[in-house]
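Scroll down for the structure; my scribbles are underneath it.
What you are looking at is a predicted structure, and each value in this text was computed from that prediction instead of being measured.
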Amino acid sequence: IYLHAGCQIAMSPDTKHFAVDWLGVEVTRATLGIIGMGSIGYKVAQRARAFNIRILYHNRNRRRKEEEEAVGAHYCAKMEDLLQQSDFVMLVVNLTPETHKLIGKKELGLMKPTATLINISRGAVIDQDALVEALQNKVIRAAALDVTYPEPLPRDHPLLNLNNVIITPHIGTATVQAIRMMAEEAIANMLAVLNDQPIPSEVFPK
(Lines give C-alpha, C1' and ligand atoms only; values in the text may rest on other atoms or scores of the structure.)
Protein backbone atom coordinates (compact mmCIF):
# COMPACT_ATOMS: atom_id res chain seq x y z
CA ILE A 1 0.00 0.00 0.00
CA TYR A 2 2.72 2.45 1.03
CA LEU A 3 4.95 1.47 -1.88
CA HIS A 4 2.25 2.35 -4.41
CA ALA A 5 1.28 5.61 -2.69
CA GLY A 6 4.93 6.49 -2.08
CA CYS A 7 5.72 6.09 -5.77
CA GLN A 8 2.89 8.46 -6.64
CA ILE A 9 4.14 11.04 -4.11
CA ALA A 10 7.73 10.79 -5.32
CA MET A 11 6.70 11.26 -8.97
CA SER A 12 3.91 13.82 -8.56
CA PRO A 13 4.63 17.24 -10.11
CA ASP A 14 3.00 18.80 -7.02
CA THR A 15 5.48 17.29 -4.54
CA LYS A 16 7.73 19.88 -2.90
CA HIS A 17 8.97 17.82 0.07
CA PHE A 18 8.50 14.43 1.70
CA ALA A 19 6.51 14.24 4.95
CA VAL A 20 8.62 13.01 7.88
CA ASP A 21 5.60 11.56 9.69
CA TRP A 22 4.42 9.36 6.82
CA LEU A 23 5.06 5.92 8.29
CA GLY A 24 4.36 2.35 7.30
CA VAL A 25 3.99 -0.85 9.29
CA GLU A 26 6.92 -3.10 10.19
CA VAL A 27 6.93 -6.60 8.70
CA THR A 28 9.79 -7.97 10.79
CA ARG A 29 8.52 -9.75 13.91
CA ALA A 30 4.91 -9.35 12.76
CA THR A 31 2.49 -12.29 12.75
CA LEU A 32 1.55 -13.76 9.38
CA GLY A 33 -1.47 -16.02 9.17
CA ILE A 34 -1.47 -18.30 6.13
CA ILE A 35 -4.81 -19.84 5.19
CA GLY A 36 -4.01 -22.78 2.96
CA MET A 37 -0.67 -24.45 3.67
CA GLY A 38 -0.23 -26.38 0.45
CA SER A 39 2.91 -26.18 -1.65
CA ILE A 40 2.52 -22.46 -2.35
CA GLY A 41 1.55 -21.57 1.22
CA TYR A 42 4.56 -23.49 2.49
CA LYS A 43 6.90 -21.62 0.15
CA VAL A 44 5.47 -18.35 1.47
CA ALA A 45 6.28 -19.52 4.99
CA GLN A 46 9.85 -20.39 3.97
CA ARG A 47 10.38 -16.90 2.61
CA ALA A 48 8.64 -15.17 5.51
CA ARG A 49 11.00 -16.78 8.01
CA ALA A 50 13.82 -14.62 6.64
CA PHE A 51 12.00 -11.61 8.14
CA ASN A 52 11.75 -13.24 11.57
CA ILE A 53 7.98 -13.39 11.13
CA ARG A 54 5.79 -15.41 13.47
CA ILE A 55 3.86 -17.81 11.24
CA LEU A 56 0.43 -19.22 11.96
CA TYR A 57 -1.41 -21.43 9.51
CA HIS A 58 -4.81 -23.00 9.01
CA ASN A 59 -5.25 -25.93 6.66
CA ARG A 60 -7.58 -28.87 6.14
CA ASN A 61 -4.74 -31.17 7.12
CA ARG A 62 -2.01 -30.37 9.61
CA ARG A 63 1.54 -30.50 8.30
CA ARG A 64 4.04 -32.94 9.76
CA LYS A 65 5.84 -31.73 12.87
CA GLU A 66 9.20 -31.57 11.11
CA GLU A 67 7.69 -29.45 8.32
CA GLU A 68 6.23 -27.04 10.87
CA GLU A 69 9.52 -26.79 12.73
CA ALA A 70 11.47 -26.18 9.51
CA VAL A 71 9.64 -22.86 8.98
CA GLY A 72 8.62 -22.14 12.58
CA ALA A 73 4.91 -22.44 11.76
CA HIS A 74 2.19 -22.93 14.36
CA TYR A 75 -1.04 -24.72 13.47
CA CYS A 76 -4.43 -23.14 14.18
CA ALA A 77 -7.19 -25.74 14.09
CA LYS A 78 -9.74 -22.91 14.04
CA MET A 79 -9.41 -20.24 11.37
CA GLU A 80 -10.93 -17.76 13.83
CA ASP A 81 -7.88 -18.02 16.09
CA LEU A 82 -5.57 -17.22 13.17
CA LEU A 83 -7.68 -14.22 12.13
CA GLN A 84 -7.68 -12.74 15.62
CA GLN A 85 -3.90 -12.99 16.08
CA SER A 86 -2.48 -12.10 12.67
CA ASP A 87 -1.08 -8.77 11.50
CA PHE A 88 -1.16 -10.05 7.91
CA VAL A 89 -3.60 -12.70 6.67
CA MET A 90 -2.73 -14.37 3.37
CA LEU A 91 -5.19 -16.51 1.41
CA VAL A 92 -3.54 -19.35 -0.50
CA VAL A 93 -6.44 -21.77 -1.03
CA ASN A 94 -8.04 -23.36 -4.06
CA LEU A 95 -11.49 -22.08 -5.01
CA THR A 96 -14.00 -24.78 -4.11
CA PRO A 97 -17.59 -24.72 -2.85
CA GLU A 98 -16.12 -24.82 0.68
CA THR A 99 -13.82 -21.83 0.14
CA HIS A 100 -16.27 -19.67 -1.86
CA LYS A 101 -16.60 -16.43 0.15
CA LEU A 102 -14.52 -18.01 2.91
CA ILE A 103 -13.74 -14.50 4.14
CA GLY A 104 -16.88 -12.46 4.76
CA LYS A 105 -18.18 -9.86 7.17
CA LYS A 106 -17.82 -12.12 10.22
CA GLU A 107 -14.24 -13.11 9.41
CA LEU A 108 -13.17 -9.55 8.60
CA GLY A 109 -14.66 -8.45 11.92
CA LEU A 110 -12.45 -10.94 13.75
CA MET A 111 -9.28 -9.45 12.28
CA LYS A 112 -7.24 -6.75 13.99
CA PRO A 113 -8.10 -3.19 12.91
CA THR A 114 -4.38 -2.85 12.10
CA ALA A 115 -4.33 -6.01 9.94
CA THR A 116 -3.84 -6.38 6.20
CA LEU A 117 -5.62 -9.02 4.11
CA ILE A 118 -3.64 -10.46 1.18
CA ASN A 119 -5.27 -12.61 -1.48
CA ILE A 120 -3.14 -14.56 -3.97
CA SER A 121 -5.63 -17.39 -4.50
CA ARG A 122 -8.91 -16.58 -6.30
CA GLY A 123 -11.11 -13.52 -6.04
CA ALA A 124 -14.27 -15.36 -5.03
CA VAL A 125 -12.60 -16.61 -1.84
CA ILE A 126 -13.47 -13.17 -0.43
CA ASP A 127 -16.92 -11.60 -0.22
CA GLN A 128 -15.93 -8.41 -2.05
CA ASP A 129 -18.95 -6.41 -0.86
CA ALA A 130 -18.00 -7.22 2.73
CA LEU A 131 -14.38 -6.29 2.00
CA VAL A 132 -15.37 -2.90 0.56
CA GLU A 133 -17.40 -2.20 3.70
CA ALA A 134 -14.57 -3.31 5.99
CA LEU A 135 -12.01 -1.13 4.21
CA GLN A 136 -14.32 1.89 4.12
CA ASN A 137 -15.10 1.59 7.84
CA LYS A 138 -11.49 0.78 8.84
CA VAL A 139 -12.52 -2.63 10.20
CA ILE A 140 -9.13 -3.70 8.81
CA ARG A 141 -6.23 -1.46 7.84
CA ALA A 142 -5.70 -2.52 4.25
CA ALA A 143 -5.93 -5.18 1.57
CA ALA A 144 -3.59 -6.33 -1.19
CA LEU A 145 -5.29 -8.31 -3.96
CA ASP A 146 -3.70 -10.07 -6.90
CA VAL A 147 -7.10 -11.57 -7.73
CA THR A 148 -10.66 -10.23 -7.89
CA TYR A 149 -13.99 -11.23 -9.36
CA PRO A 150 -14.48 -10.51 -12.12
CA GLU A 151 -11.07 -9.81 -13.60
CA PRO A 152 -10.67 -7.00 -14.35
CA LEU A 153 -13.15 -5.30 -12.06
CA PRO A 154 -15.73 -2.95 -13.64
CA ARG A 155 -14.15 0.49 -13.82
CA ASP A 156 -16.75 1.90 -11.44
CA HIS A 157 -16.19 -0.76 -8.75
CA PRO A 158 -15.78 0.82 -5.29
CA LEU A 159 -12.60 -1.16 -4.58
CA LEU A 160 -10.86 0.92 -7.25
CA ASN A 161 -11.54 4.15 -5.39
CA LEU A 162 -10.17 3.20 -1.96
CA ASN A 163 -6.75 4.40 -0.82
CA ASN A 164 -6.17 1.44 1.51
CA VAL A 165 -6.21 -1.29 -1.14
CA ILE A 166 -3.72 -2.26 -3.83
CA ILE A 167 -4.82 -4.44 -6.74
CA THR A 168 -2.54 -6.15 -9.25
CA PRO A 169 -3.72 -7.93 -12.43
CA HIS A 170 -3.32 -11.58 -11.38
CA ILE A 171 0.44 -11.52 -11.93
CA GLY A 172 1.60 -13.79 -9.11
CA THR A 173 3.14 -16.22 -11.64
CA ALA A 174 3.70 -13.72 -14.45
CA THR A 175 7.41 -14.12 -15.06
CA VAL A 176 9.12 -15.53 -18.13
CA GLN A 177 10.69 -18.29 -16.07
CA ALA A 178 7.47 -19.32 -14.27
CA ILE A 179 5.40 -19.46 -17.47
CA ARG A 180 8.14 -21.52 -19.13
CA MET A 181 8.22 -23.99 -16.22
CA MET A 182 4.41 -24.34 -16.32
CA ALA A 183 4.50 -24.99 -20.06
CA GLU A 184 7.26 -27.59 -19.63
CA GLU A 185 5.28 -29.29 -16.85
CA ALA A 186 2.15 -29.40 -19.04
CA ILE A 187 4.13 -30.93 -21.91
CA ALA A 188 5.70 -33.52 -19.60
CA ASN A 189 2.24 -34.56 -18.41
CA MET A 190 0.90 -34.84 -21.98
CA LEU A 191 3.87 -36.95 -23.05
CA ALA A 192 3.40 -39.21 -20.04
CA VAL A 193 -0.24 -39.84 -21.00
CA LEU A 194 0.66 -40.51 -24.64
CA ASN A 195 3.38 -42.96 -23.56
CA ASP A 196 1.15 -44.68 -20.99
CA GLN A 197 3.44 -43.62 -18.14
CA PRO A 198 2.61 -42.30 -14.65
CA ILE A 199 1.39 -38.70 -14.83
CA PRO A 200 3.83 -36.44 -12.91
CA SER A 201 1.23 -33.85 -11.84
CA GLU A 202 -1.86 -36.02 -11.68
CA VAL A 203 -4.80 -34.51 -9.79
CA PHE A 204 -6.70 -37.16 -7.89
CA PRO A 205 -10.49 -36.70 -7.50
CA LYS A 206 -11.73 -36.36 -3.91
> Could you go step by step and tell me if I126 and L102 meet the side-chain contact (heavy atoms from CB on, under 4.5 Å) rule?
Replying inline: CA-CA 6 Å; I126 299 175; L102 179 70; over 6 Å; no

> Passes side-chain contact (heavy atoms from CB on, under 4.5 Å), L159 versus L135? Steps please.
Replying inline: CA-CA 9 Å; L159 271 177; L135 291 169; 3.9 Å; yes

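With hydrogens and angles ignored, the 3.5 Å screen pairs no side-chain donor or acceptor of S86 with any backbone N or O of V89. Side-chain N or O atoms of T15 include one that pairs as donor or acceptor with a backbone N or O of I9 at under 3.5 Å. Side-chain atoms of R49 come within 3.5 Å of backbone atoms of A70 as a donor-acceptor pair (strictly under, hydrogens ignored). Remark: side-chain polar atoms of N195 are not paired, donor with acceptor, to backbone N or O of Q197 under 3.5 angstrom.
Salt-bridge annotation for R180 and E184: present, with a side-chain N of the basic residue lying under 4.0 Å from a carboxylate O of the acidic one. A salt bridge links R64 with E66; the closest basic N to acidic carboxylate O contact falls under 4.0 Å. Salt-bridge formation is not detected for the pair K105/D127: no Lys NZ or Arg NE/NH1/NH2 atom is positioned less than 4.0 Å from an Asp or Glu carboxylate oxygen.
Taking all atoms of both residues into account, the shortest heavy-atom contact from L131 to A143 is CD1-CB, 4.2 Å. The heavy-atom pair separating L95 from T99 by the smallest distance is CA-OG1, 3.3 Å.
With respect to I140, the side-chain contact (heavy atoms from CB on, under 4.5 Å) criterion is satisfied by exactly one of L110, L108, T114: L108. Only one option out of H74, E68, R63 pairs with Y57 in a side chain to side chain donor-acceptor pair (under 3.5 Å); it is E68.
S201 and E185 form a side-chain donor-acceptor contact under 3.5 Å, judged by distance and modelled atom types alone. No donor-acceptor contact under 3.5 angstrom links the side chains of T96 and N94, judged on distance only.
Applying the salt bridge (charged side-chain N to carboxylate O under 4.0 Å, His left out) test to pairs two or more places apart or on separate chains, none has a residue in residues 144-169.
I55 and L91 are not part of a single hydrophobic cluster, where members link through side-chain heavy atoms under 4.5 Å apart.
The side-chain tip of R122 does not point at the ring of Y149 from less than 6.0 angstrom away and within 45° of straight on.
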